[in-house]
Amino acid sequence: MEELMKVLEQYLDENMLQAVVSGAKKADIPSKIKIRPVLNKELLKFQTAITDGKKEIHKNFDNLEMREQLKSWMESDYKQLQMDTVEYAITVLVSKKGKMTIKKKRWDKPKEPVSLQHNRKKKYVLEEGTPIPFLVDLGVMTQEGKIVNSKYDKFRQINRFLEFVEDIMPQLDRTREVTIIDFGCGKSYLTFAMYYYLKILQGLDIHMIGLDLKEDVIEKCNGLAKGYGYDKLEFYIGDIASYEGVDHVDMVVTLHACDTATDYALAKAVKWGAEVILSVPCCQHELNGQIQNDILEPVLKYGLIKERMAALLTDAFRAGRLEEEGYNVQILEFIDMEHTPKNILIRAVKAGVPKKVKNLAECMELVGARPTINKLLNAKEEA
C-alpha cells in the first residue's frame with residue numbers, strides 16, 4: 001500500500017479530473033464509487049457519489065481522509081481504482097492474492113481541469129458550444145457548435161448513451177489497443193459518438209468497427225470517418241450471424257438489432273470473450289409465437305399483453321444466460337433514438353465466474369420458451 005499512498009499524495013489534488021473505485025469483492029457493498037474534487041466554502045474537498053436505487057448519496061472528504069478511505073477500500077473491498085488527472089491516466093489493480101499493480105499513462109494532450117464549484121448544473125458528456133465535426137455533418141449541431149433546436153432530443157440521447165459508456169470505462173484496458181464492434185450501426189450517430197469520446201476526449205487506443213447491411217449507409221460512414229481523420233474507425237457491410245472479421249473483441253454494442261439478430265450478437269460477444277456488452281434489443285417477436293401456459297391463459301389471451309410479456313421475458317432470459325456465461329448484468333432504462341417503446345438496455349460486464357441462475361431453465365420451460373440465445377450458447381458449450 002506504500003506505493004498507492006505515494007501516488008495519492010502526488011496526484012490527489014485539484015488537478016484530478018475524476019476517480020472511480022470498482023470491482024467490488026463483496027455482494028453487500030456498492031459496485032462502484034465515483035470521486036471528484038469540489039470547492040466547499042473555498043476549501044478543496046473530494047466528493048464521493050454512491051448510487052442507492054434512484055438516489056445518489058454524496059459525502060465529502062478532505063485530502064487526508066480521502067487518501068485513508070481509498071487505502072481502506074483497496075485493501076479490503078475493491079479490486080480497481082481508475083484515477084484521471086490533467087496529465088495522466090492512473091490505473092490501480094489488486095489481484096485475488098492481494099498483489100497491487102499501478103500503471104500510469106500520460107495523455108497525448110493535457111486535459112482541462114474540471115470546475116470545482118460544489119453546486120454546478122448538469123454537464124453533458126459532449127458539451128454544447130464546441131463544434132464536433134460528426135454532429136455538425138449529421139445535422140445535430142451548427143458550424144458554431146449550437147444545438148439545432150429540432151435535434152435537442154437526439155443530442156440528449158447521444159449523451160445519455162455516452163454516460164453508459166463512461167460507466168464501463170474502468171473495464172477497458174488502457175495499456176493496449178481496445179477493439180469495439182457496433183453491430184447494426186445504421187447511420188452511426190452513436191458509433192461516431194463513442195469513437196469521439198473514447199479516442200479523442202479520453203485518449204484510449206481503440207479500433208472501432210461498424211457493421212451494417214446497407215451499402216449506401218456504410219459508404220457514407222466510411223467517407224465521414226476518413227474526412228475526420230478517424231483512422232481506426234471502419235465500417236463494413238456484413239451480417240451479425242456470419243461476421244468473422246476479428247478473433248477477439250473487448251466491447252460489443254448492438255442497438256436495435258431486430259428480433260433474434262440481438263441473440264446472434266450476444267452469442268458472438270460471449271464467443272469473443274468481450275469484457276463489455278451494451279445491447280438495446282428491438283422487435284422481440286420470437287417468444288410471442290412460443291409462450292403458452294394454461295394458468296397464464298387469462299393474461300396471455302390479450303394480444304397486446306402477450307406481446308409485451310414476450311418482449312420482457314426475451315430480455316430477461318438473455319440477461320440470465322449472460323449471467324451463466326460469467327457476466328454481471330443490469331437491465332437499464334434507455335431513451336430510444338426514435339421515440340419508440342424499445343427502451344431497455346442490457347449492460348453486461350465480464351466477471352469471469354460462470355454460475356447457474358437458479359430456476360432459469362425451469363422458467364423457460366414453464367412458459368414454453370425456446371429462445372435463440374439459449375440454443376446458440378448451448379451449441380457453443382457443446383462445441
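Numbering starts at 1 and runs along the sequence shown. Below, each value reflects all heavy atoms present in this structure, side chains not excepted, and no hydrogens, waters or symmetry copies. Everything quoted here is computed from the prediction, not taken from an experiment.
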Is there a side-chain contact between Met364 and Pro371 (heavy atoms, below 4.5 Å)?
yes
Please table the atom pairs, donor to acceptor, closer than 3.5 Å between any side-chain atom in residues 192-208 and protein atoms at least two apart or in another chain.
from	atom 1	to	atom 2	distance (Å)
Tyr195	OH	Lys232	N	3.4
Asp205	OD1	Lys232	NZ	2.7
His207	NE2	Glu234	OE1	2.6

Are Tyr11 and Tyr88 near enough that their ring centres are under 6.0 Å apart?
yes
Glu365 atom CD: more than 12 heavy-atom contacts under 6.0 Å
no
Looking only at heavy atoms, which two atoms of Val249 and Val252 are closest? And how far apart?
CG1-CG2, 3.8 Å
Less than 3.5 Å apart, which donor and acceptor atoms pair up between the side chains of residues 215-222 and the rest of the protein, not counting sequence neighbours?
from	atom 1	to	atom 2	distance (Å)
Asn222	OD1	Phe235	N	3.0
Asn222	ND2	Ile218	O	3.4
Asn222	ND2	Phe235	O	2.9

Leu93 and Lys79, any side-chain heavy atoms less than 4.5 Å apart:
no
Residues Asn374 and Arg318: side-chain donor-acceptor under 3.5 angstrom
no
Quick check: do Glu14 and Pro37 have side-chain heavy atoms less than 4.5 Å from each other?
no
Between the side chains of Gln80 and Ser22, does any donor sit under 3.5 Å from an acceptor?
no
Ion pair Asp84/Arg174, N-O distance below 4.0 Å
yes
Would Leu366 and Ile373 show up in the same hydrophobic cluster when neighbours are defined by side-chain heavy atoms closer than 4.5 Å?
no
Can you get from Leu313 to Val299 by hopping between Ile, Leu, Val, Met, Phe, Trp and Tyr side chains that sit under 4.5 Å apart?
yes
Evaluate Arg308 against Asn288 for side chain to side chain donor-acceptor pair (under 3.5 Å), listing each step before the verdict.
CA-CA 9 Å; Arg308 292 186 180 179; Asn288 192 34; over 6 Å; no
Please determine whether the number of non-hydrogen atoms from other residues, nucleotides or ligands lying under 6.0 Å from atom OH of Tyr302 exceeds 12.
no
Looking only at side chains, do Asp250 and His248 share a donor and an acceptor under 3.5 Å apart?
yes
Val94-Ile102 co-clustered via ILVMFWY side chain contacts under 4.5 Å:
yes
Begin with the C-alpha distance, continue with both residues' side-chain angles, and end with the deciding distance and a verdict on side chain to side chain donor-acceptor pair (under 3.5 Å) for Glu286 and Thr260.
CA-CA 7 Å; Glu286 182 183 38; Thr260 58; over 6 Å; no
Can you confirm whether more than 12 heavy atoms, excluding those of Glu65, are under 6.0 Å from its CD atom?
yes
Is any side-chain heavy atom of Val86 closer than 4.5 Å to a side-chain heavy atom of Glu112?
no
Is there a side-chain contact between Lys105 and Thr175 in this structure, where contact means two heavy atoms from C-beta onward sitting under 4.5 Å apart?
no
Take Arg36 and Phe46 through the test side-chain contact (heavy atoms from CB on, under 4.5 Å) and record every step on the way to the result.
CA-CA 6 Å; Arg36 68 180 179 94; Phe46 296 89; over 6 Å; no
Are the side chains of Leu233 and Thr191 in touch, meaning some heavy atoms are under 4.5 Å apart?
yes
Donor + acceptor pair across side chains of Arg347, Gln330 (<3.5 Å)
yes
Side chains of Arg67 and Asn63 only: does a donor on one sit below 3.5 Å from an acceptor on the other?
yes
Applying side-chain contact (heavy atoms from CB on, under 4.5 Å), run through Ile132 and Leu126 and close with a yes or a no.
CA-CA 9 Å; Ile132 300 173; Leu126 302 182; 4.0 Å; yes
Rounded to the nearest 0.5 angstrom, the CE-CG distance for Met309 and Leu296 is 5.5 Å
Is it true that, when you exclude Glu297 itself, more than 12 heavy atoms of the residues, nucleotides or ligands shown sit nearer than 6.0 Å to its CD?
yes
Before you tell me yes or no, could you show the steps for Glu275 and Tyr327 under side chain to side chain donor-acceptor pair (under 3.5 Å), namely the whole-Å CA-CA distance, both residues' side-chain angles and the distance that decides it to 0.1 Å?
CA-CA 9 Å; Glu275 293 294 327; Tyr327 286 83; over 6 Å; no
If you count heavy atoms of other groups shown closer than 6.0 angstrom to NZ of Lys25, is the number above 12?
yes
Short N-O contact, Asp167 and Lys34, less than 4.0 angstrom
yes
Same cluster for Val140 and Val165 if Ile/Leu/Val/Met/Phe/Trp/Tyr side chains link at under 4.5 Å?
yes
Among Thr314, Asp259, Asp315, the one residue meeting side chain to side chain donor-acceptor pair (under 3.5 Å) with Gln284:
Asp315
Worked verdict on Glu87 versus Asn15 for side chain to side chain donor-acceptor pair (under 3.5 Å)
CA-CA 8 Å; Glu87 289 191 83; Asn15 289 317; over 6 Å; no
Do other residues, nucleotides or ligands put more than 12 heavy atoms under 6.0 Å from the CG atom of Leu304?
yes
Audit row: Val280, Thr254, side-chain contact (heavy atoms from CB on, under 4.5 Å) steps and yes/no:
CA-CA 6 Å; Val280 178; Thr254 167; over 6 Å; no
One should read off an interatomic distance between Ile331 CD1 and Leu312 CG, to the nearest 0.5 angstrom, of 9.5 Å
Glu324 and Lys355 ion-paired at < 4.0 Å
no
Which heavy-atom pair separates Leu300 from Gln292 by the least distance, and what is that distance?
CD1-CA, 4.1 Å
Applying side-chain contact (heavy atoms from CB on, under 4.5 Å), run through Leu81 and Val20 and close with a yes or a no.
CA-CA 6 Å; Leu81 166 64; Val20 179; over 6 Å; no
Salt bridge or not between Lys268 and Glu244? Use side-chain N to carboxylate O under 4.0 Å.
yes
Test item: Ile209 and Val246 side chains (from C-beta on) under 4.5 Å apart, heavy atoms:
yes
More than 12 heavy atoms from other groups under 6.0 Å of CZ on Arg156:
yes
Can you name the residues that form a side chain to side chain donor-acceptor pair (under 3.5 Å) with Glu3, not counting sequence neighbours?
none
For atom CD of Glu362, is the number of surrounding heavy atoms from other residues, nucleotides or ligands below 6.0 Å larger than 12?
yes
Hey, are the side chains of Asn328 and Lys350 touching, using non-hydrogen atoms and a 4.5 Å cut-off?
no
Would you call Arg160-Glu163 a salt bridge at under 4.0 Å N-O?
yes
Within the 3.5 Å criterion, strictly below it, is a donor on Asp239 or Tyr264 matched to an acceptor on the partner's side chain?
no
Is there a path of hydrophobic side-chain contacts, each under 4.5 Å between heavy atoms of I/L/V/M/F/W/Y residues, joining Val357 to Ile346?
no
